[in-house]
Amino acid sequence: MCRGYLLRPVFNPIYQRITSFLRDLGEVSLLGAEVVRSFRLNRPSWKDFVYQLHFIGVKSQSVVITTGAATGMVLCAQTYFQFHKVKMDTATGAVVSVGMSSELGPVLAALMLTGRVGAAMAAELGTMKVTEQIDALRTLAAHPVDTLVVPRLLALLVSAPLLTAEAILVGITASWLIGVKLLGIDSAYYLVNMNRYTIPEDVFNGLVKSVVFGVIIAMVSCNKGLTCRGGAEGVGRATTEAVVIASISILVTNFFLTLFLARLIKG
Amino acid sequence: MIEVRDVHKSFGTQKVLRGATLTIAKGEAVVIIGRSGGGKSVLLKHLIGLLPPDRGSVLVAGEDLACMDERRLLQVRRRFGMLFQMAALFDSLNVYENVSFVLRRERRHTEGEIRRQVAEALEMVELPGIEEKLPSELSGGMRKRVGLARAIIYRPEIVLYDEPTTGLDPVAGDRIDRLIRRVWEQLHVTSIAVTHDMKSARTISNRILMLHEGVIYADGPTDSILGSSDPLLHRFVNGISTPQNEGP
Ligand SMILES: Nc1ncnc2c1ncn2[C@@H]1O[C@H](COP(=O)(O)OP(=O)(O)OP(=O)(O)O)[C@@H](O)[C@H]1O
Ligand SMILES: [Mg+2]
């Protein structure tokens, strides 16, 4: 008994982590089921969708472009520094483009979207929840999933791959600028090697991943918002949790998606 | 019309409702009174299925709300209008969009018709011409009245008002009381209100229920409750605190 008492501070946090993880997973699954039901029962509102598309897609561009460019540039420089030692300068472009297309582009774009869009969703829905606006919606015979979650999810489904493609494109362009104009790699070799080693599947994988990440961001953030409790503090907590959980889920999912998609393509 | 049977509700360890039982017939105008924090808002939310009871049942037109999923509840809620204690306006929508929310979703009316109805509803709550304002630009009392307009514009059969006149000046409060009475008399709605204002209760109700310690402590016609000699009721109605009974 004495030992159990001593170990409690060690095991309690672990126990709570596990239960809260399972609870989140359960809540998100239920929300997912409700979303599917919503698609079956009624047509999503076009107006809400377009509004969210503007907020999520159009207005996230600056963040995503900056991230893409910075990543492309730094990746190019670092790769060049290492490859230069073994006289493989012209392979730099290939490394950057494969890395950007299949891993860095989708993951970093998704992480930036989590910070910008996921946080906003959790905070907005959380505020609506604690100020009884969600209850008001329900009394006005509107399902919160139909009116709030579905337009956000759809907008993310559309904008996540587009933004990712944009990040990849900007990243590769930026790396070309750095590699060719600044570091003096021969442009023709740079491009030829890039084309030779980057296969369409790399880009395809990246876009598939971005769609999955879009779903994760929307579902986790909306769930945290809708299940928010308490006042301003509760909203703050919901927002933080949404960002943390979505980011970690993205990183973990990315690993498995990489393995899965590689297996899928091989045969 | 509405039947509440032995409803229990706790939040954590705090027991808010402990076996509330009441029946409200069609066309009645009921006021629920009780101490602040006594669970009146919680009880109202049970009537419309926003909160599920821990035990007991709530029947609306003979159907048990506890047996319904959210989508079925939405259909039942079409018969209800509710004014929230804090108005609960959608703060990303302007007044027009708030008030016309249900009408625009139904897609049965033309835009011009909706405009006219919204203008009429805002006229009724004495806030004409504020369609384009955002809720954050309104005072508390104005928000309340916009919430009222939103709750009655689609002609529900049952209207729940959570403290409709708190936060209004006496004159505006009196006008809202008259409006609630008019809605009840002319539109034949069933009207259920929570209020702390006995003068208002006299205007808007023909029956009073008192919620005390999680159960319905008293139930009777307005005049007999307001004139009751029961010590607890008497003290409550006349606002007299006793040393033991002090507190919020
Ligand atoms: N969602 C909730 N979670 C936890 N506790 C709650 C919740 N809603 C209400 N309560 C608790 O239930 C009790 C009753 O609250 P309620 O809002 O019904 O009081 P009330 O009778 O409407 O009071 P007032 O007249 O001040 O509006 C309060 O003590 C409150 O702390
Ligand atoms: Mg209340």
Side-chain angles (χ1 to χ4, degrees), chain A residues 27 30-52 54-56 120-121 123-152 223 225-232 234-235, chain B residues 11-12 41-42 44-52 65 68-93 97-107 135-136 143-144 146-154 156 158-162:
Chain A
E27 284 170 359
L30 289 177
L31 185 62
E34 199 55 56
V35 166
V36 171
R37 209 170 304 152
S38 164
F39 276 123
R40 286 217 332 253
L41 290 174
N42 38 21
R43 219 155 34 94
S45 148
W46 185 248
K47 195 171 150 247
D48 292 342
F49 168 68
V50 171
Y51 179 84
Q52 291 299 330
H54 177 74
F55 174 74
I56 293 171
M121 282 183 187
E124 189 183 354
L125 299 198
T127 307
M128 290 184 75
K129 170 80 195 219
V130 301
T131 55
E132 295 187 320
Q133 292 178 54
I134 302 275
D135 282 346
L137 259 185
R138 294 164 67 204
T139 56
L140 296 173
H143 201 294
V145 171
D146 299 354
T147 38
L148 300 172
V149 180
V150 167
R152 283 170 175 76
N223 175 53
L226 289 177
T227 55
C228 174
R229 283 159 181 283
V235 176
Chain B
F11 294 103
S41 300
V42 169
L44 273 196
K45 286 184 183 171
H46 276 84
L47 300 184
I48 190 171
L50 287 177
L51 287 173
L65 299 186
M68 300 181 187
D69 68 352
E70 181 70 18
R71 291 200 183 269
R72 179 78 188 80
L73 277 172
L74 291 182
Q75 289 169 5
V76 175
R77 292 199 195 111
R78 281 180 189 278
R79 315 166 75 153
F80 283 88
M82 176 158 182
L83 168 63
F84 285 82
Q85 190 166 358
M86 302 292 173
L89 299 181
F90 304 124
D91 50 24
S92 57
L93 304 181
E97 290 165 324
N98 263 288
V99 176
S100 62
F101 190 86
V102 171
L103 298 183
R104 284 188 303 143
R105 271 175 63 84
E106 280 179 346
R107 300 205 180 108
S136 56
R143 268 180 236 167
K144 202 94 187 232
V146 173
L148 182 57
R150 183 177 71 179
I152 59 180
I153 190 173
Y154 54 95
I158 307 160
V159 193
L160 311 178
Y161 309 91
D162 199 343

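Just the heavy atoms: all of them, side chains too, but no hydrogens, waters or symmetry mates, feed the values below. Since this is a predicted model, take the numbers as computed values, not measurements. Each chain gets a letter, A, B and so on, in the order its sequence line appears, and its residues count up from 1.
The heavy-atom pair separating A:A136 from B:A88 by the smallest distance is CB-O, 3.6 Å. For the pair A:A141 and B:L74, the tightest heavy-atom approach, listed with the atom from each and the gap, is CB-O, 3.6 Å.
In this structure, the portions of B:F90 lying under 4.5 Å from any heavy atom of chain A include both its backbone and its side chain. For A:L41, the part lying near chain B is the side chain, with the backbone staying farther off; criterion is any non-hydrogen pair under 4.5 Å. Within the 4.5 angstrom heavy-atom criterion, only side-chain atoms of B:I48, from C-beta onward, approach chain A. Only the backbone of B:L89 comes within contact range of chain A, judged by heavy atoms closer than 4.5 Å.
Residues forming a ring pair (Phe, Tyr, Trp, His ring centres under 6.0 Å) with A:F55 (at least two apart in sequence, or on another chain): none.
The number of heavy atoms from other shown groups lying within 6.0 Å of CE (B:M86) does not exceed 12.
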Record all donor-acceptor atom pairs with a distance under 3.5 Å between chain A and chain B; write none if the list is empty.
unit_1: A:E34; atom_1: OE2; unit_2: B:R71; atom_2: NE; d: 2.9
unit_1: A:E34; atom_1: OE2; unit_2: B:R71; atom_2: NH2; d: 3.0
unit_1: A:E132; atom_1: OE2; unit_2: B:K45; atom_2: NZ; d: 2.5
unit_1: A:Q133; atom_1: OE1; unit_2: B:D91; atom_2: N; d: 3.1
unit_1: A:Q133; atom_1: NE2; unit_2: B:D91; atom_2: OD2; d: 3.0
unit_1: A:R138; atom_1: O; unit_2: B:R77; atom_2: NH1; d: 3.2
unit_1: A:R138; atom_1: NE; unit_2: B:E70; atom_2: OE2; d: 3.0
unit_1: A:R138; atom_1: NH2; unit_2: B:E70; atom_2: OE1; d: 3.2
unit_1: A:D146; atom_1: OD1; unit_2: B:R71; atom_2: NH1; d: 3.4
unit_1: A:D146; atom_1: OD1; unit_2: B:R71; atom_2: NH2; d: 3.0
unit_1: A:D146; atom_1: OD2; unit_2: B:R71; atom_2: NH1; d: 3.0

